[in-house]
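Just below is one structure, and these are the notes that go with it.
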Amino acid sequence: MHDYDLLVVGSANADLVIGVDRRPGAGETVLGSDLVVHPGGKGANQAVAAARLGARTALLARVGDDDYGRVLLDSQRSAGVDTAGVLVGGAPTGVALITVDPSGDNSIVVSQGANARLTPGDVRAAASLLAAARVVSVQLEIPLESVAEVVRTAAAGFGGRPGPRVVLNPSPAAPLPNDVLAACDPLVVNEHEARFLLSDDQMGSSDDPEEWAEALLSRGPRSVVVTLGGEGALVADGDRTVLVPSPAVTAVDTTGAGDAFTGALAWRLGTDDDLVTAVRFAVRVGAAAVTRAGAQASFPSAEEVAAL
C-alpha cells in the first residue's frame, strides 16, 4: 500500500563548517580551521539518516540550480533517497554557516535560499508522495504555511484512506498554529524549542523536562518527545512518561545529531514500532552520530547502531 516508510518535507542546505577554539562574542573575530563543505539541512539530513538505516525514504525539498544543489542531490541519491520530489531552481541553494568548538558544540546561522521558496503549491503538487508514505517528517527551515499544508493534506487522507503520521521538529523555533500542533505524533523538541513554545506561561522557566512535556501535551499534540542531548530523551503520550537514556559516548561534533535522531524515530514509527521503542532506537542513532565530524557523514548504518 505504501511505497515509502518515510517522506521528509524540509530543507536542504550546504553546511559550511569551521572549527574554532571558542565561538566569538559580539564584534569579535576569532581564527578557525580550514572551511569544509558538507551536505546538510534538517530535511536532507533526516532523509539521509533514515535511508542509511534501511528506510524506504523520499525527500520533498527545493535546491538551487548551482554546485551546492548538485552536491545535495548526489548525497541523497548515494544514500538511497528517492529525489523525485526535489525541485530545482528559483533561488540559490540554502547555506548553513556552522562553527564547532572543541567540545563538539555548534552554533549555526542559516541562509534559507531555495528552502524559502518551497510553497504550499509545491506541497499540493506532490500529493502523490504524501499518499505513498506511512510517515511524513517536517521541520521549520521551510515556510510555515508549507508545513501547515503538509499537515492539512495528511489529515485529509486520500480516497478514504488515512494520510501519513506526522512527526514535527519545530526548529528553528516558531509559534505553531493549533491545527499543526494537533497533528503532531510526536512533536519532537529540544530544551530551547520547548522553552520557546512554553514562553507565554510560567512553564517556560521550569527546569523539569517532564513538566515541559506535560505542558506541551496540553497544547494539543498527540505525543511529545523531548531530546536531552547526552541524557537521552523523554517520551510523553498522555498515558505515560518515560525517560530513555542514551549510551555514553565521546562527542566529537553534535552537528546533525538531532536530525539523525528524528529521522530514525520517524522511520521506526513507520515500521509500526510503538513510540518508546522507536525512541530507544533513535537515541542510539543520535549517540552514534556525535562520535564523528559532520552531519550526514556522521550518520550510522543499522549495523553500526547495533554495535554501539
message = Taking F196's backbone N and O only, do any of them form a donor-acceptor pair with S199's side chain (distance below 3.5 Å, no angle check)?
response = yes

Side chains of Q139 and S171, donor plus acceptor under 3.5 Å = no

key: Cation-pi check, R56 onto Y4 ring (under 6.0 Å, within 45° of axis)   = no

ask   = So, does R165 use its side chain to make a donor-acceptor pair with the main chain of D185 at under 3.5 Å?
value = yes

query = Do NZ/NE/NH1/NH2 and the carboxylate oxygens of R195 and D208 come within less than 4.0 Å?
reply = no

inquiry  = Quick test of your reading of the model: are R134 and D5 salt-bridged, counting only N-O distances below 4.0 Å?
reply    = no

ask   = For the atom pair CG (L228) and CD (E191), what is the distance rounded to the nearest 0.5 Å?
value = 8.5 Å

inquiry  = Assess whether a salt bridge exists between D273 and R280, defined as any Lys/Arg side-chain N lying under 4.0 Å from an Asp/Glu carboxylate O.
reply    = no

inquiry  = Any non-hydrogen side-chain atom of T119 less than 4.5 Å from a side-chain atom of V123?
reply    = no

request  = Write down the atom of P120, the atom of E149, and the distance for their closest heavy-atom approach.
outcome  = O-CG, 3.7 Å

ask   = In terms of side-chain heavy atoms, does T227 have a donor or acceptor partner in N190 at a distance below 3.5 Å?
value = no

inquiry  = Using side-chain heavy atoms (C-beta onward) and a distance below 4.5 Å, is I98 in contact with L16?
reply    = no

task = Please examine the side chains of V110 and V95, heavy atoms only from C-beta on, and report whether any two atoms are closer than 4.5 Å.
result = no

message = Please check this pair: side chain of R161 against backbone of A131, looking for a donor-acceptor N/O pair closer than 3.5 Å.
response = yes

query = Can you name the nearest heavy-atom pair linking A183 to V151, along with the distance?
reply = CB-CG1, 3.3 Å

query = What are the two closest non-hydrogen atoms of V20 and P102, and how far apart are they?
reply = O-CD, 3.1 Å

inquiry  = To the closest 0.5 Å, what do you measure between CG (L217) and OG1 (T241)?
reply    = 7.5 Å

inquiry  = Checking side-chain polar atoms at under 3.5 Å, does N169 have a donor or acceptor matched by the opposite partner on T262?
reply    = no

request  = Return yes if some donor-acceptor pair links the side-chain N/O of R292 with the main-chain N/O of S298 below 3.5 Å, else return no.
outcome  = yes

ask   = Which distance, rounded to the nearest 0.5 Å, do you find between the OG1 of T153 and the CG of L130?
value = 6.0 Å

Distance in Å, L176 CG paired with L216 CG, rounded so as to fall on 0.5 Å steps = 10.0 Å

ask   = Are L60 and W267 linked, directly or through other ILVMFWY residues, by side chains that come within less than 4.5 angstrom of each other?
value = no

message = For a quick test of reading the model, state the closest non-hydrogen atom pair linking S246 to G230 and the distance between them.
response = CB-O, 3.6 Å

note = Minimal heavy-atom distance between G256 and F299, with the atoms involved, is O-CE2, 3.4 Å

inquiry  = Using 0.5 Å steps for rounding, measure from the CG atom of L140 to the OG atom of S146.
reply    = 11.0 Å

ask   = From D82 CG over to L129 CG, what is the distance, rounded to the nearest 0.5 angstrom?
value = 7.0 Å

message = If the threshold is 4.0 Å, N to carboxylate O, is there a salt bridge linking E304 and R284?
response = no

message = Distance alone, cut at 3.5 Å: any donor-acceptor contact between the side chains of R52 and S301?
response = no

inquiry  = Please tell me whether Q296 and N45 have a donor and an acceptor in their side chains that are separated by less than 3.5 angstrom.
reply    = yes

message = With no hydrogens and no angle check, just 3.5 Å: does a side-chain donor-acceptor pair link S107 and R23?
response = yes

request  = Looking only at non-hydrogen atoms, find the nearest pair between G10 and N115 and report the distance.
outcome  = O-OD1, 4.4 Å

query = Is the backbone of D237 close enough, under 3.5 Å, to the side chain of S223 for a donor and an acceptor to pair up by distance?
reply = no

ask   = Going by an N to O cut-off under 4.0 Å, is there a salt bridge joining R219 and D200?
value = yes

message = Checking the side chain of T93 only, and the main-chain atoms of Y68 only, is there a donor and an acceptor separated by less than 3.5 Å?
response = no

Carboxylate-amine/guanidinium contact D122 R62, below 4.0 Å = yes

